[in-house]
Amino acid sequence: MQSHAEAVSTEALPAEFEQKLAALLPQDTLIRDLPRRLALSGDASFYRMTPRLVVRVNDLDELCQLLILAAEFEVAVTFRAAGTSLCGQAVTDSVLVVLGENWRGAQILQNGEKIRLQPGVIGAQANRLLAPLGRKIGPDPASIDSCKIGGIAANNASGMCCGVKQNSYHTLSDMTLVLADGTVLNTADENSIRAFERHHHRLLDGLSALRQQVLQSPLLADRIRHKYRLKNTTGYGINALLDFEQPLDILKHLMIGSEGTLGFIADITYHTVANEGYRASGLFIFNHIEPCCELVSRLRDTPVAAVELMDARALRSVADKPAMPQGMSALHEQAAGLLIEVTGDTPQALEQHLRQVSQVINPDSSLLLASVPFSQDEDRNQALWAIRKGTFPAVGAVRPAGTTVIIEDVAFPLEQLARGVAALHQLFVEHGYDEAIIFGHALEGNLHFVFTQAFNSEAEVARYDRFMQALSRLVTGTFDGSLKAEHGTGRNMAPFVRMEWGDEAYALMEQIKMLFDPKGILNPGVILNTDEHAHLRHLKPIPAVDAELDKCIECGFCEPVCPSKDLTLTPRQRIALWRQMQGGEFTSQQDQQLRQAYAYQGIDTCAATGLCAQRCPVGINTGDFIRRLRQQSAQKPWLAGQAAGHFAATASIARFALGSVNVGRRILGEAGTSRLFRGLKKLSGGTVPTYYSAWPVPSAQHKLKESAVVTRTEKVVYFPSCTNRIFAADTKATDQRSLSEVLASVLEKGGYQLLTPDTVSELCCGTPWDSKGYPHFAREKGEQSLTALAALAAEQDLPILVDASPCALQLKSFRSDPRFADLKLYETAEFLHQFVLPRLDITPQAEPVMLHITCSSRRMHNEQALLRLTQACADKVIVPDDIQCCGFAGDKGFYTPELNASALKTLAEQVPQHCSQGVSNSRSCEIGLRQHSGIAYQSVAYLLDKVSTAKDRSAT
């Protein structure tokens with residue numbers, strides 16, 4: 001086995017190559033430091049290789065210059081998009097190319113019939129752009145919320161609904177590609193095509209010759225046609241040699257599924273497919289796999305959109321999910337289930353399709369053990385599909401520490417699906433994988449199986465090898481199926497491509513590789529590999545480091561929502577780097593370098609908002625781990641305790657400091673104040689915050705006025721957050737009232753009177769201490785606040801309104817405490833939408849409104865309340881794309897402003913003309929939003945008060 005020390009070997013690249021590259025590309029695009037190279041050394045697979053150089057390319061020109069040099073010096077290059085690949089396609093010990101921020105362009109064409117996408121666009125983002133037009137891209141991998149178009153195309157990823165006919169191969173229109181020698185070809189541009197034909201006629205002639213070679217070999221041609229009756233991504237897509245006559249068409253279709261070994265896909269234009277707006281789902285569990293699979297064969301001729309198979313073990317692994325029928329934990333071994341989705345472009349079409357499908361299912365009703373009938377209820381159906389998607393992480397979450405999760409996907413002829421499942425079960429028994437589960441896209445005979453594997457001993461590696469050898473013989477020999485149906489070949493199956501395809505087809509693939517990449521510099525060892533043990537090389541060590549982090553399978557699903565993803569590290573990278581720091585073999589100098597880097601990249605720039613936990617298949621909150629690290633290094637606990645024990649005085653000091661800054665700003669101006677703060681920050685070693693124009697001014701201390709409403713007045717306990725007590729309204733906003741005044745006004749219209757504890761000036765939810773590594777003080781302050789609020793609410797069982805979403809989230813976390821379990825806690829938007837909005841008459845404003853949905857709202861699942869409340873108040877509401885968290889993170893916007901800037905870098909360009917107002921529900925977030933949008937952001941309560949009047953309730 002290879003040691004970790006060998007895996008991080010830094011054998012130098014050719015010095016002249018690095019020198020010339022440094023002269024051509026910006027220095028900040030060349031990543032040489034060990035910490036970041038280690039953070040990028042793995043992907044979602046169980047392989048790890050440390051790149052000697054990482055290049056973050058910003059545009060096509062930079063990529064071409066890199067490839068020209070790589071070809072000159074014969075330096076291997078590997079491309080990575082999101083790194084969600086499961087088979088090791090995106091790891092290398094040479095040069096790793098990652099996408100900069102300028103590869104996220106998208107252009108809708110022909111009213112949505114086509115869409116042109118750059119490789120950095122996340123699949124789900126493309127579908128959001130197309131949704132208003134009733135269209136979507138064909139590929140629908142389970143990782144579509146995280147994986148990027150570059151990876152979807154390069155792996156020919158498919159998914160639950162797209163089958164074979166709607167994958168990238170079959171929905172491809174055009175692409176811009178870059179070959180190994182740096183040549184660019186745009187297949188939609190006649191001038192580009194003519195130039196390519198002049199300079200690369202040998203490549204095109206070679207593809208024509210290969211096509212003739214296939215046509216002149218009837219056995220090979222039949223073999224190819226037979227193999228592509230099934231889903232198949234093993235090796236190169238040599239069906240292109242039969243499907244197309246023109247070499248240019250063959251070329252661009254060979255690029256699909258080539259895993260970065262033939263070239264780089266700089267953009268791709270898809271033919272989109274219909275996204276039928278009406279859908280119903282149902283779950284049907286049968287007493288045996290045989291009738292279950294027979295039903296799949298009959299369903300193939302009905303208008304079903306998706307049929308997902310789950311074996312008994314898979315169903316038992318998610319038996320505790322709310323939407324599951326009772327008794328699934330005791331399901332016998334031979335049972336199996338089908339999750340079925342039916343769609344229609346109209347309600348009538350859906351009903352007709354449901355009748356057709358039900359007529360096929362009903363004859364098998366006597367074999368049903370349980371079912372969840374078809375329904376159009378969106379929430380319930382999302383819960384059903386969460387069950388299917390939860391099978392993979394269910395295994396990952398309970399695996400022993402130090403093991404990894406293996407997921408592979410094969411395809412059997414549909415008529416042999418039941419036999420295939422039984423054969424896989426037998427294989428698991430023979431090799432001791434008792435926890436293995438099977439699920440998959442039944443209509444295509446495509447089965448995924450998941451099991452846990454340790455690679456920490458020669459015996460375990462040998463066991464895995466025996467299993468892979470047996471699996472390959474079973475799938476290719478007994479069933480003549482596909483070893484890889486939709487995940488791409490990768491390192492894990494590269495040694496078995498010849499076994500599946502035979503010598504003649506394999507030689508054809510070798511010729512294709514030679515035509516495209518004669519020097520073999522593009523992702524060597526992936527797809528084609530003569531090393532029969534390649535699947536056992538570079539195995540990723542997973543040392544046990546933390547009870548929570550040990551569950552991480554490094555899938556990367558967390559990354560799109562992380563505010564630091566374009567600045568330093570993502571949650572996956574924080575975990576991966578920490579694992580290597582704890583389990584690696586480094587010199588003392590390297591260890592010191594890693595720890596110094598992690599202090600900033602891993603700890604200081606983590607917003608610790610917990611959004612990653614919502615995307616994580618096993619629910620890991622990396623922010624909790626980072627807070628524990630902050631606790632270990634927390635300094636000045638006495639000062640933190642004094643601030644907690646004398647909070648009213650602390651708030652007064654903060655107001656005084658803000659007032660002093662405001663005076664200084666009037667005297668020195670913006671530029672002078674900024675220079676002063678930069679100097680103070682440098683002198684103080686970073687303890688003085690960064691100043692910028694959106695800095696808040698201090699609030700005046702307001703007492704709530706008694707409500708003017710005399711009749712039908714209800715009461716609500718009000719907890720004004722410390723940020724709203726300390727910071728005044730944004731100076732750029734039209735309405736300069738305090739939030740407490742605004743809430744009193746709008747709630748008065750709804751017939752409510754606000755009550756606040758007499759001790760409110762001493763109260764705080766505890767978030768500032770929690771985020772800085774002082775959980776003891778955080779709990780003290782939270783309990784103190786809830787005790788005061790509970791005392792005021794208890795007598796009349798009143799609801800409690802918290803005017804900032806982060807504070808509401810923090811206080812709701814105390815519900816496990818019996819003293820506070822029954823409190824009715826509401827965040828502002830949640831309370832206003834549920835109880836106040838129905839009592840108001842609204843005249844929506846015509847001016848568009850920018851809406852920021854805070855990460856705390858998302859974590860409380862209140863985002864829809866905030867969105868619907870805002871939509872009720874304005875004709876046009878813009879929720880910026882690709883901004884999940886603002887990165888201000890309490891006071892990080894003051895001390896680590898680059899995090900806030902990175903998270904919101906696309907905000908200003910999304911503000912439409914004639915928009916001067918933004919709304920949210922967190923005052924600290926609103927500071928950063930104002931700074932990076934140029935418009936004032938305020939609580940949604942301001943907007944509601946502006947557009948509302950009290951309904952006439954005298955009649956009732």
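Residue numbers count from 1 along this sequence. Computed over heavy atoms, backbone and side chain alike; hydrogens, waters and symmetry mates excluded.
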J.: Please list all pairs meeting ring pair (Phe, Tyr, Trp, His ring centres under 6.0 Å) that have one or both residues in residues 99-125, counting only residues at least two apart or in different chains.
T.: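 Qualifying pairs, neighbours excluded: W103-F264.
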J.: Which atoms form the tightest heavy-atom contact between A950 and D841, and what is the distance?
T.: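 What the structure gives for the nearest pair is O-OD2, 4.0 Å.
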J.: Who pairs with D735 by salt bridge (Lys or Arg N to Asp or Glu O under 4.0 Å), at least two apart in sequence or on another chain?
T.: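 Testing D735 for salt bridge (Lys or Arg N to Asp or Glu O under 4.0 Å), a comparison that skips the adjacent residues, returns R737.
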J.: Can you check ring pair (Phe, Tyr, Trp, His ring centres under 6.0 Å) on F888 and F894, steps first, answer last?
T.: CA-CA 8 Å; F888 206 90; F894 294 125; 5.2 Å; yes
J.: Check whether more than 12 heavy atoms from other residues, nucleotides or ligands sit under 6.0 Å from atom CZ of R128, and answer yes or no.
T.: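 Enclosed: over 12 neighbouring heavy atoms sit under 6.0 Å from CZ of R128.
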J.: Run F677 and W695 through ring pair (Phe, Tyr, Trp, His ring centres under 6.0 Å) and show every step you take.
T.: CA-CA 12 Å; F677 266 74; W695 252 56; 5.3 Å; yes
J.: Could you pull out the closest heavy-atom pair between K951 and P838, with the gap in Å?
T.: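 K951 and P838 have their closest heavy atoms at NZ-O, 3.0 Å.
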J.: A188: which residues meet the side-chain contact (heavy atoms from CB on, under 4.5 Å) condition with it, sequence neighbours left out?
T.: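 Residues passing side-chain contact (heavy atoms from CB on, under 4.5 Å) with A188: D174, N186.
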J.: Would you please name every residue forming a salt bridge (Lys or Arg N to Asp or Glu O under 4.0 Å) with E113, sequence neighbours left out?
T.: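 E113 satisfies salt bridge (Lys or Arg N to Asp or Glu O under 4.0 Å) with R135 only.
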J.: Name all pairs fulfilling the salt bridge (charged side-chain N to carboxylate O under 4.0 Å, His left out) condition that reach into residues 918-941, sequence neighbours left out, sorted by first residue then second.
T.: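 Pairs touching residues 918-941 that pass the test: D730-R930.
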J.: Partners of P720 by side-chain contact (heavy atoms from CB on, under 4.5 Å), sequence neighbours excluded?
T.: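 Testing P720 for side-chain contact (heavy atoms from CB on, under 4.5 Å), a comparison that skips the adjacent residues, returns Y718, R725, T756, V760, D803.
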J.: I'd like to know if R839 pairs up with E714 as an ion pair, taking the criterion as any Lys NZ or Arg NE/NH1/NH2 lying under 4.0 Å from an Asp or Glu carboxylate oxygen.
T.: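 A salt bridge links R839 with E714.
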J.: I'd like to check the side-chain contact (heavy atoms from CB on, under 4.5 Å) partners of T734; sequence neighbours left out, ordered by chain and number.
T.: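 By the side-chain contact (heavy atoms from CB on, under 4.5 Å) rule, T734 matches no residue at all.
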J.: Could you check if a side-chain atom of I800 sits within less than 4.5 angstrom of a side-chain atom of K824, using non-hydrogen atoms only?
T.: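 When only atoms from C-beta onward are counted, K824 and I800 do not touch, as no gap falls below 4.5 Å.
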J.: If we only count heavy atoms from C-beta on, is the D267 to L117 side-chain gap below 4.5 Å?
T.: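 D267 vs L117: side chains apart.
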J.: Using the test side-chain contact (heavy atoms from CB on, under 4.5 Å), find all partners of Q917 that sit at least two apart in sequence or belong to another chain.
T.: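 By the side-chain contact (heavy atoms from CB on, under 4.5 Å) rule, Q917 matches Q845, E847, V849, V919, L943, K946.
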J.: May I ask you to test the K892-T605 pair for a side-chain heavy-atom distance under 4.5 Å?
T.: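 Counting from C-beta outward, K892 and T605 never come under 4.5 Å.
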J.: Who passes ring-ring contact (aromatic ring centres under 6.0 Å, His included) against F831, sequence neighbours left out?
T.: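 For F831, the residues satisfying ring-ring contact (aromatic ring centres under 6.0 Å, His included) (neighbours in sequence not counted) are Y752, Y826, F835.
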J.: Looking at side-chain heavy atoms only, is the closest gap between R279 and L350 below 4.5 Å?
T.: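 No; the side chains remain at least 4.5 Å from each other.
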J.: Going by heavy atoms in the side chains, are K905 and D566 under 4.5 Å from each other?
T.: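 In short, these two side chains touch, coming nearer than 4.5 Å.
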J.: Can you name the nearest heavy-atom pair linking E827 to S805, along with the distance?
T.: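 Here E827 and S805 meet closest at CG-CA, 3.7 Å.
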J.: Can you name the nearest heavy-atom pair linking S948 to V746, along with the distance?
T.: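 What the structure gives for the nearest pair is OG-CG2, 4.1 Å.
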J.: How would you list, by chain and number, every residue that makes a salt bridge (Lys or Arg N to Asp or Glu O under 4.0 Å) with K732, sequence neighbours excluded?
T.: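 Result, salt bridge (Lys or Arg N to Asp or Glu O under 4.0 Å) vs K732: none returned.
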J.: What I'd like to find out is whether the side chain of L851 reaches to under 4.5 Å of the side chain of L866, using heavy atoms alone.
T.: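 Contact flag for L851/L866 side chains = yes.
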J.: Is R56 atom CZ crowded by more than 12 heavy atoms from other residues, nucleotides or ligands, each under 6.0 Å away?
T.: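 Count not over threshold, so no.
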J.: Within a strict 4.5 Å, meaning less than it, do heavy atoms of the E378 and N381 side chains meet?
T.: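 Sidechains of N381 and E378: no contact.
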J.: Below 4.0 angstrom, N of the basic side chain to O of the carboxylate: do K812 and E830 qualify?
T.: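 Result for this pair is yes, salt bridge flagged.
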J.: Are T29 and N58 close enough, and set up right, to give a side-chain contact (heavy atoms from CB on, under 4.5 Å), and what steps lead you there?
T.: CA-CA 8 Å; T29 66; N58 293 311; 3.3 Å; yes
J.: Taking side chain to side chain donor-acceptor pair (under 3.5 Å) as the test, write out the residues that go with S143, two or more places apart.
T.: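 For S143, no residue satisfies side chain to side chain donor-acceptor pair (under 3.5 Å) once neighbours in sequence are set aside.
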J.: Do P563 and L899 have side chains that approach each other closer than 4.5 Å (heavy atoms only, starting at C-beta)?
T.: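 Yes; the side chains approach each other to less than 4.5 Å.
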J.: Could you check whether any side-chain N or O of Q118 sits under 3.5 Å from a backbone N or O of G105, counting only pairs where one atom can act as donor and the other as acceptor?
T.: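 Side chain of Q118 to backbone of G105: a pair is present.
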J.: Which residue is it: V836, N862, L743, V802? I am looking for the one with a side chain to side chain contact (heavy atoms under 4.5 Å, CB included) to T828.
T.: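 It is L743, the one option of V836, N862, L743, V802 that forms the side chain to side chain contact (heavy atoms under 4.5 Å, CB included) with T828.
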J.: With sequence neighbours excluded, tell me which residues meet salt bridge (Lys or Arg N to Asp or Glu O under 4.0 Å) with E559.
T.: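 Result, salt bridge (Lys or Arg N to Asp or Glu O under 4.0 Å) vs E559: R572.
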